Amino acid sequence: MPRTKSKITIAAVQAAPVSFDLPATLAKLEDLISKASASASADEAKRPDLVVLPEAFLSAYPRFLDFQIGTRSTESREWFARYVKSSVKIPLDAISSDWISDKPIYEQDQDDFWAFQRLCLIAKKHQIYLSIGVVERELIGSTLYCTNLLFSPSGRLLSKHRKLQPTAAERIVWHQGDDTNPAAPATRDEKGEERQARDDNLPVVETKIGKIGGLICWENFMPLARYQLYRKGVEIYTAPTADSRPTWLPAMQHIAQEGRCFVISVNQYHAPSDFPADYPPSLALSESEKAENKPWSRGGSSIVGPLGEVLAGPLWDKEGILTAEIDLDTLHGARLDFDAAGHYSRHDMMVNLLNKPAYSSKEE
């Protein structure tokens with residue numbers, strides 16, 4: 001699908017979910033998107049084309065929750081069950097299909113895919129491309145994935161990316177993604193032609209506003225994963241994260257320069273008060289710590305241009321919405337002296353080296 005314009009407006013939403021409460025978080029999501037659109041309502045040209053939300057926004061990043069190695073407790077099992085119940089199931093036949101067109105509007109818990117349908121309808125109602133981090137649940141069982149979804153303004157799911165490698169203790173509650181995702185069996189369209197659902201787990205989607213792809217949090221430190229996106233021509237690179245260290249922004253600037261693309265990195269801002277009152281890490285706080293409500297994630301969201309220039313942010317210590325107008329036509333000029341998947345790649349040589357044993361030399 002060719003681009004219909006070069007200049008587009010990005011909105012990066014730094015906020016906390018209503019943790020472990022899927023219905024309430026979906027309501028907050030719609031409110032946040034309404035605010036992002038309303039802030040530019042006086043100027044139609046500045047209304048966001050793409051709205052990006054953080055990692056695991058639906059419906060929690062389980063920060064500081066202690067699933068101990070070598071032992072399990074009744075409490076940890078109960079919290080995992082709450083996490084599963086607040087996760088999102090995604091139909092196998094949704095990618096690039098008009099999945100909502102022949103469905104009734106589901107009420108909460110009326111159907112396995114009620115929350116997924118709500119996301120489709122939110123994107124369609126607000127006529128935006130929507131990139132959002134969700135905790136995805138397998139259709140059978142209780143296995144969870146850290147997943148990022150991209151929806152079109154028509155409410156179609158354009159891509160699904162499961163985090164390839166959860167970081168450290170995340171691996172206790174999130175499973176690894178693969179190179180492809182499970183897909184529905186092939187079907188035939190009205191012309192009798194076979195239609196196979198797209199199931200690429202490192203997707204870059206060509207849309208009316210540019211080629212959109214991305215990685216989640218510390219996946220962005222995986223050089224070969226980044227290179228796959230560069231090879232597919234990513235222009236708008238989403239990097240939802242849970243990393244609120246000041247060292248994160250330079251990493252995003254590096255990726256923007258390396259890929260000669262626009263990078264949108266969005267983190268949650270959350271504090272103990274954004275979690276349930278009985279959340280174990282909150283209960284462990286002293287009364288003075290509870291009163292202070294010191295942030296557990298300071299945020300640090302940003303939008304970065306293809307030469308590493310910071311276009312918006314970083315936003316610290318509060319919820320907020322960053323916006324920036326970007327011009328995709330500037331990407332050609334940015335690649336004059338460096339093109340990671342083109343004239344600077346040495347692709348054949350590097351692939352050949354990767355297929356050989358790697359060793360280091362020794363000083364005599």
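Here the structure is a predicted model, which is why all the values come from computation and not from measurement.
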Taking all non-hydrogen atoms of both residues into account, name the closest pair between Ala242 and Cys217 and its distance. N-SG, 3.4 Å

Angle class for the Trp296/Phe275 ring planes (parallel below 30°, perpendicular above 60°, tilted otherwise)? tilted

Is it true that, when you exclude Ile140 itself, more than 12 heavy atoms of the residues, nucleotides or ligands shown sit nearer than 6.0 Å to its CD1? no

Lys124 NZ: over 12 foreign heavy atoms closer than 6.0 Å: no

Are the side chain of Lys232 and the backbone of Leu202 linked by a donor-acceptor contact shorter than 3.5 Å? yes

Does CZ in Arg346 sit with more than 12 non-hydrogen atoms of other residues, nucleotides or ligands closer than 6.0 Å? no

Going through the distances and angles, do Asn267 and Ser301 end up as a side-chain hydrogen bond (donor to acceptor under 3.5 Å, both in side chains)? CA-CA 5 Å; Asn267 196 1; Ser301 301; over 6 Å; no

Main-chain N/O of Leu315 paired to Gln14 side chain as donor or acceptor, under 3.5 Å: yes

Does a side-chain heavy-atom distance below 4.5 Å link Leu328 with Ile209? no

Linking I/L/V/M/F/W/Y whenever any side-chain heavy atoms sit under 4.5 Å apart, do Val18 and Trp114 land together? no

Could you give me the CA-CA distance, side-chain angles and deciding distance for Leu311 and Ile10, then say whether side-chain contact (heavy atoms from CB on, under 4.5 Å) is met? CA-CA 11 Å; Leu311 304 178; Ile10 305 293; over 6 Å; no

Between Asn201 and Asn181, is there a side-chain donor-acceptor contact under 3.5 Å, judged purely by atom types and distance? yes

Looking only at heavy atoms, which two atoms of Gln110 and Ile105 are closest? And how far apart? OE1-O, 4.0 Å

Can you measure from CD1 (Ile172) to CG (Leu144) and round to the nearest 0.5 angstrom? 13.0 Å

Linked, directly or transitively: Trp316 and Trp248 (ILVMFWY side chains, under 4.5 Å): no

Contacts of His175 meeting ring-ring contact (aromatic ring centres under 6.0 Å, His included) (sequence neighbours excluded), chain-then-number -> Tyr145

What distance separates Ser345 OG from Phe338 CZ, expressed to the nearest 0.5 Å? 9.0 Å

Just how far is it from atom OH of Tyr269 to atom OG of Ser297, taken to the nearest 0.5 Å? 9.0 Å

State, with a plain yes or no, whether a side-chain heavy atom of Ile255 is found less than 4.5 Å away from one of Arg226. yes

Stepwise, does the salt bridge (Lys or Arg N to Asp or Glu O under 4.0 Å) test hold for Glu319 with Lys35? CA-CA 12 Å; Glu319 291 194 348; Lys35 288 178 179 177; over 6 Å; no

For Phe221, look at atom CZ and say whether over 12 heavy atoms of other residues, nucleotides or ligands are found less than 6.0 Å away. yes

Under the criterion side-chain hydrogen bond (donor to acceptor under 3.5 Å, both in side chains), I'd like the reasoning laid out for Glu170 against Tyr61: C-alpha separation, chi angles, the key distance, then a yes or no. CA-CA 9 Å; Glu170 292 174 354; Tyr61 184 84; 2.6 Å; yes

Validation row: Phe57, Val13 side chains within 4.5 angstrom (heavy atoms): no

I'd like to know if the side chain of Gln268 reaches the main chain of Glu55, judged simply by a donor and an acceptor atom lying under 3.5 Å from each other, with no hydrogens or angles considered. yes

If you measure from CG on Leu149 to CD1 on Ile90, what distance do you get to the nearest 0.5 Å? 4.5 Å

Can Trp174 and Phe80 be said to form a ring pair (Phe, Tyr, Trp, His ring centres under 6.0 Å), step by step? CA-CA 11 Å; Trp174 294 341; Phe80 182 70; over 10 Å; no

Using a 3.5 Å distance criterion without hydrogens, assess whether the side chain of Ser37 forms a donor-acceptor pair with backbone atoms of Ser34. no

Go through the structure and list residues passing ring-ring contact (aromatic ring centres under 6.0 Å, His included) with His161, not counting sequence neighbours. none

Cluster check Leu307, Met252: I/L/V/M/F/W/Y, side chain < 4.5 angstrom: no

Closest non-hydrogen atom pair between Ala277 and Leu283, with its separation: O-CD2, 3.5 Å

Heavy-atom donor-acceptor pair, Arg137 side chain to Ser142 backbone, under 3.5 Å: no

Closest contact, heavy atoms only, Pro62 versus Tyr279: C-OH, 3.1 Å

Evaluate the criterion side-chain contact (heavy atoms from CB on, under 4.5 Å) for residue pair Asp337 and Tyr344; output intermediate values, then yes/no. CA-CA 8 Å; Asp337 46 4; Tyr344 219 101; over 6 Å; no

Starting from the C-alpha separation in whole Å, work towards a yes-or-no answer on side-chain contact (heavy atoms from CB on, under 4.5 Å) for Val51 and Ile132. CA-CA 8 Å; Val51 178; Ile132 184 168; over 6 Å; no

Given side chains that start at C-beta, do those of Asn148 and Ser131 come closer than 4.5 Å, heavy atoms only? yes

Step-by-step salt bridge (Lys or Arg N to Asp or Glu O under 4.0 Å) determination, Glu219 to Lys163: CA-CA 7 Å; Glu219 284 185 312; Lys163 194 172 188 178; over 6 Å; no

In this structure, would Leu92 and Val88 fall into the same cluster of hydrophobic residues linked by side-chain contacts under 4.5 Å? yes

Say whether, by atom type as modelled, one donor and one acceptor occur between the side chain of Arg171 and the main chain of Pro166 under 3.5 angstrom. yes

Measure the spacing between OG of Ser19 and CG of Leu58 and express it to the nearest 0.5 Å. 11.0 Å

Ala36 versus Ala11, closest heavy-atom pair with distance: CB-CB, 4.4 Å

Is a side-chain donor or acceptor of Arg298 paired with a backbone partner of Ser244 at a separation under 3.5 angstrom? no

Hey, could you give me the OH/OG distance between Tyr83 and Ser59, rounded to the nearest 0.5 Å? 7.0 Å

Side chains of Glu30 and Lys125: closer than 4.5 Å at any heavy-atom pair? yes

Assess the residue pair Gln117 and Ile100 against the criterion (side-chain contact (heavy atoms from CB on, under 4.5 Å)); give the C-alpha distance rounded to whole Å, side-chain angles, the decisive distance to 0.1 Å, and a yes or no. CA-CA 7 Å; Gln117 183 189 62; Ile100 57 175; 4.1 Å; yes

Should we say atom CH2 of Trp79 is surrounded by more than 12 heavy atoms from elsewhere, each under 6.0 Å from it? yes

Check whether more than 12 heavy atoms from other residues, nucleotides or ligands sit under 6.0 Å from atom NZ of Lys7, and answer yes or no. no

Any donor-acceptor pair under 3.5 Å from Asp49 side chain to Ile8 backbone: no

Arg82/Asp278 under salt bridge (Lys or Arg N to Asp or Glu O under 4.0 Å): CA gap, chis, key distance, verdict: CA-CA 12 Å; Arg82 287 175 71 169; Asp278 59 343; 3.0 Å; yes

Nearest heavy atoms of Gly300 and Pro314, plus distance in Å: O-CB, 3.8 Å

Using a 3.5 Å distance criterion without hydrogens, assess whether the side chain of Asn355 forms a donor-acceptor pair with backbone atoms of Asn352. no

Connected via hydrophobic side-chain network under 4.5 Å: Ile216 and Leu50: no

Check for a donor-acceptor pair, side chain of Thr25 on one end and backbone N or O of Pro17 on the other, with a separation under 3.5 Å. no

Testing the 3.5 Å rule here: is there a donor-acceptor pair between the side chains of Gln176 and Gln165? yes

